[in-house]
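Written below as C-alpha cells is the structure these notes are about.
Computed from heavy atoms alone, side chains included, the values below leave out hydrogens, waters and symmetry copies.
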There are 4 protein chains.
Amino acid sequence: MEAFAENGYAATRVEEVAKRAGVSKGLLYLYFKTKEDLFKAVIRNFVSPRLDALIQDIGNSDLTAEEFLRGPFLDFAKKVPRSPARVLARLMIAEGPKHPDLVAWYWENVVSKGMAAIRTVLEKGVRGGEFHRSAVDDFPQLLVSPVLFAMVWTQVFDAHDKLDTDGLMEGHISLVLNSIKVDR
Amino acid sequence: MEAFAENGYAATRVEEVAKRAGVSKGLLYLYFKTKEDLFKAVIRNFVSPRLDALIQDIGNSDLTAEEFLRGPFLDFAKKVPRSPARVLARLMIAEGPKHPDLVAWYWENVVSKGMAAIRTVLEKGVRGGEFHRSAVDDFPQLLVSPVLFAMVWTQVFDAHDKLDTDGLMEGHISLVLNSIKVDR
Amino acid sequence: MEAFAENGYAATRVEEVAKRAGVSKGLLYLYFKTKEDLFKAVIRNFVSPRLDALIQDIGNSDLTAEEFLRGPFLDFAKKVPRSPARVLARLMIAEGPKHPDLVAWYWENVVSKGMAAIRTVLEKGVRGGEFHRSAVDDFPQLLVSPVLFAMVWTQVFDAHDKLDTDGLMEGHISLVLNSIKVDR
Amino acid sequence: MEAFAENGYAATRVEEVAKRAGVSKGLLYLYFKTKEDLFKAVIRNFVSPRLDALIQDIGNSDLTAEEFLRGPFLDFAKKVPRSPARVLARLMIAEGPKHPDLVAWYWENVVSKGMAAIRTVLEKGVRGGEFHRSAVDDFPQLLVSPVLFAMVWTQVFDAHDKLDTDGLMEGHISLVLNSIKVDR
DNA sequence: TATGAATGAGATTTCATTCAT
DNA sequence: TATGAATGAAATCTCATTCAT
C-alpha cells in the first residue's frame, strides 16, 4: 500500500512492492497472477475498521442526532484526513477510472454504506424534531465533502498552506448544525 | 491533456500524445526535453479562463455578497464539476505529490488566488453587515469543498450513483447562507 | 570487448554485446546500470595478465639489465602488438578523453606500474655499470613507444603496409642498447 | 574538426557540427550527402602544411643528415605532438578501421610520403658516411614512433603525468644518433 | 514455499535525414 | 543559398512476467 500510495499504480514497480514486503518478486507472482491482481488485493485489504465502527455506532447509539454529529462523527472526520486512509482515497481518485471493478467493490463496501449511515442520522434528526428538512437530506454528500477535501488538501498543498483539519471539521459541523437545527 | 487525463502521467505513452496531436514522437522531443517536461507544459497551459473571469468579477461587481454567491459564484460552481477542469483536478491529485514544482505553480497561479477571492467576498459580506462572523471566515475552503467533491465524484462514482451536481451546489449555497446570514 | 573494439563505444549497440554474450539485452541492464557502466566493466576486466607477469619478473629475476631487455622484455614487446591488448589500447586512445575515470583506473593499474617497472630495470643497469646515463632514464617512454606504435600501425595501416612487428622490436632494442651500453 | 576530435565520429551530432560552423543542419546536407561524407571532407581538408613543408625541405636542403635530424626534423617532431594535428591522429586511430577509404587516402597523401622522406634522409646519411647501417634503415618507423607516442600520451594521460614532449624528442634524437653515427 | 536470474515486449529518447519555404 | 520544423528508424533503458532450482 505504501508503495502504490507514493507512486500510483503504473509508476510502482513490482520489485519495489516485493522489497518493502521483504520477499522476492517471484513470491508475489505465486500469490497474485498479475500486478493488477496484487494491486486490487492491496486495496481491498486496506479497509478502514474505523468506518465500520462508526456505522455500527449509529444503530446502537442512543445519542441525539446533534450529539452524534458533534461526537462520534466529528471524531471520525477529524481523524480520517491525516490517517492512512487518505492515501487510499487518493489512489481511488487517481486509479479508479482505470479499474472499474475496484471502484465497484469500493462503492459497495465503503461508500454506499457510509452514505446510508449519514442518511440514517439525518432522518433520525428530522423525525425527532431536531432538524428541519434541508439540502443535506437530498445531498448527504455535503456532510462529508470537507472530509474528502481535507484528505486531498493535506496530500497536495500541505507544503504551501498547512490546513488545520481539526478546525476545519469543527467549523463545518457547527456551520451545518447552525443551518439545519430547529430553533427552540 | 486528454491523454494524460485519461491514463495518468505514467500510463500515458508519449506516442499516444503525439498521435492525438497529429505529429511524430520526435517532434515532441524537439519542443520538450523529456516526457515530464511535456507533462508540465500541458498542465500549465491548461488554465481555466473561467476562474480568472470569476476573480475579475469580484473586484468589479457591485452586487451584494449574497447576490454574488447566489449569482456568479454558484454559476461557476455548477459549471466546473463537469467541465474539462475536473480532469485537471484529478491529475493534480494523482500526480501532484510526484511533481512538487507543478503543485507550486498551480498553487501560486490558481489555488491561492481563488482562496483570496473567496475571502474578499466573505469579508465584504461581514463588513457590509450581511453576514456575521463564522467558520467560513477562518476556513474559506468550506465554501469550495463541495466543488472539489463533485469533480471527484463525477469521475469516480458516476456509474454507481449519478450526482445531481447542480442541485448539490444550490443546496450547498443555501445551506451556507442560511447559516451565516444576519437575520433582519 | 570484441564488440566495443570493433566499433568503438558509441557505435556499439547494447544488443550486439548481448547477442555475442548469448544473453538478452535486459540481463545486461540487470548487471550494469547503463551502457557506459557496462563499457567500463568490460575495459577493467580486460587486464593483461602478461604485463603483470612481466612486472613480477623484474623483481625476481637475476638477469642483467641487458639480458632482461633482450629476454623477457623483448618477448613481451613482440607479443603485445598483435595480441588482444592492442584493441584495448585503441579503445583507450579513442574513448579515453570521454571517460576520464576509466583513464584514471587504467593509469593507476596499468600504465604507471609499467613505467615504474621500466625505470627499475634501467636503474639496475646504470647502478650495475652496464648502462651509462642517457635520455631513457628521463624518458622511459622511449623504450615503449615502438610498442604503442606497432599496436596502432597494425590496426590502421596493415592493409597498406604490413609491419614486421617482431623485426621492429628487435631493431628497437638493439638500437637502444647500442646507444646506452657502456663500452668495455 | 573540433567536434569530431572531441567526440569521435559516431558520438558527434551533425547539429553540433552545424552549430559550431554557424550554419543550419540543412545547409550541411546541401554540401554533403551524408554525415560520413562530411566527416571525410573534414579529415581531408585538415592536411598539415607542416609535413609537406618538411618533405620539401629534404630535397632542397644542403644540410648533412645529422644536421637535418637535429634541425628541421626535431623542430617538426617537437611541434606536432601538441599541434592540432594530434587530434587528427587520434581520429585516424579511432575511426580508421571503420573508414578504410579514409585510411587509404591518408596513407597515400600523408603517411607513405612521410616514410619515404625519412628513408631519403637516412640513406643520404649512410651514403655520405655519416651513419652506419642499422635497424632504422629497415624500420624507419623507429624514428617517428615517439612522435605518435607523444601525440597519444598528451591526449590521454596528460592529466595524470604531463609529458615534456620537447625533452622527449630531443632525447630520442640524441639516443638514435648516438646509436647510428659513425665514430670518427 | 521461495528465490532471483533471465527474458522480451514495449517504453523513452536520440538523431541522421528530408523538405516546405 | 539557407533555414529549421518535422520525421522515423533505431538506440537505450524499463519492468512485468517466467522459470529453473
Exercise. Is the closest basic N to carboxylate O distance between Lys19(C) and Glu15(C) below 4.0 Å?
Worked result: no

For this session: Keeping the roles fixed (side chain from Arg86(D), backbone from Val152(D)), state whether a donor-acceptor pair exists under 3.5 Å.
Result: no

Exercise. In whole angstrom, what separates Asp37(C)'s CG from dT12(F)'s P?
Worked result: 14 Å

For this session: Can you measure from CG (Leu148(A)) to CH2 (Trp153(A)) and round to the nearest 0.5 angstrom?
Result: 13.5 Å

Exercise. For the side chain of Lys113(B) and the backbone of Asp52(B), is there at least one donor-acceptor N/O pair under 3.5 Å apart?
Worked result: no

Exercise. With side chains defined as the heavy atoms from C-beta onward, is the minimum distance between Ile43(C) and Met92(C) less than 4.5 Å?
Worked result: yes

Exercise. Rounding to a whole Å, what distance do you find between Phe39(C):CZ and dT12(F):P?
Worked result: 13 Å

Exercise. For Gly26(A) and Gly26(B), take the nucleotide of DNA chain F holding the closest heavy atom to each; which residue's nucleotide lies nearer the 5' end?
Worked result: Gly26(B)

Exercise. What does Phe32(B) touch in the nucleic acid at a heavy-atom separation under 4.0 angstrom: a base, only the sugar-phosphate, or nothing?
Worked result: nothing

Problem set entry | Residue among Phe46(C), Phe39(C), Tyr9(C) satisfying side-chain contact (heavy atoms from CB on, under 4.5 Å) with Leu91(C) | Phe39(C)

Exercise. What stems involve DNA chain F, if each pair must be Watson-Crick or G-U and both of its distances must be under 3.5 Å, with 3 or more such pairs in a row?
Worked result: E:2-21 with F:2-21

For this session: For residues Val14(D) and Lys25(D), report the shortest heavy-atom separation together with the two atoms involved.
Result: CG1-CG, 4.1 Å

Problem set entry | Polar side-chain contact Lys35(A)-dT17(F) base: donor and acceptor under 3.5 Å | no

Problem set entry | Separation of atom CG in Leu38(A) from atom P in dT18(F), rounded to whole Å | 14 Å

Exercise. For the pair made of CG in Leu28(B) and P in dA5(F), what is the distance, rounded to whole Å?
Worked result: 14 Å

Exercise. Choosing from dT1(F), dG8(F), dA5(F), which nucleotide comes nearest the side chain of Leu30(B)?
Worked result: dA5(F)

Exercise. For His160(C), which of Trp107(D), Trp105(D), Tyr106(D) qualifies under ring-ring contact (aromatic ring centres under 6.0 Å, His included)?
Worked result: Trp107(D)

Exercise. Is it true that a side-chain atom of Lys40(A) and a backbone atom of His99(A) form a donor plus acceptor pair closer than 3.5 Å?
Worked result: no

Exercise. Within this structure, what is the NZ-to-P distance between Lys25(B) and dG8(F), rounded to whole angstrom?
Worked result: 11 Å

Exercise. Does Tyr29(C) make a side-chain N or O approach to OP1 or OP2 of dT14(F) shorter than 4.0 Å?
Worked result: no

For this session: Using atom CG of Leu27(C) as one end and atom P of dA20(F) as the other, report the distance to the nearest whole Å.
Result: 16 Å

For this session: Check the distance between dG10(E)'s P and Lys19(B)'s NZ and give it to me in whole angstrom.
Result: 13 Å

Exercise. Where along residues 2-18 of chain C does a heavy atom come under 4.0 Å from DNA chain F, residue by residue in number order?
Worked result: Thr12(C), Arg13(C), Val14(C)

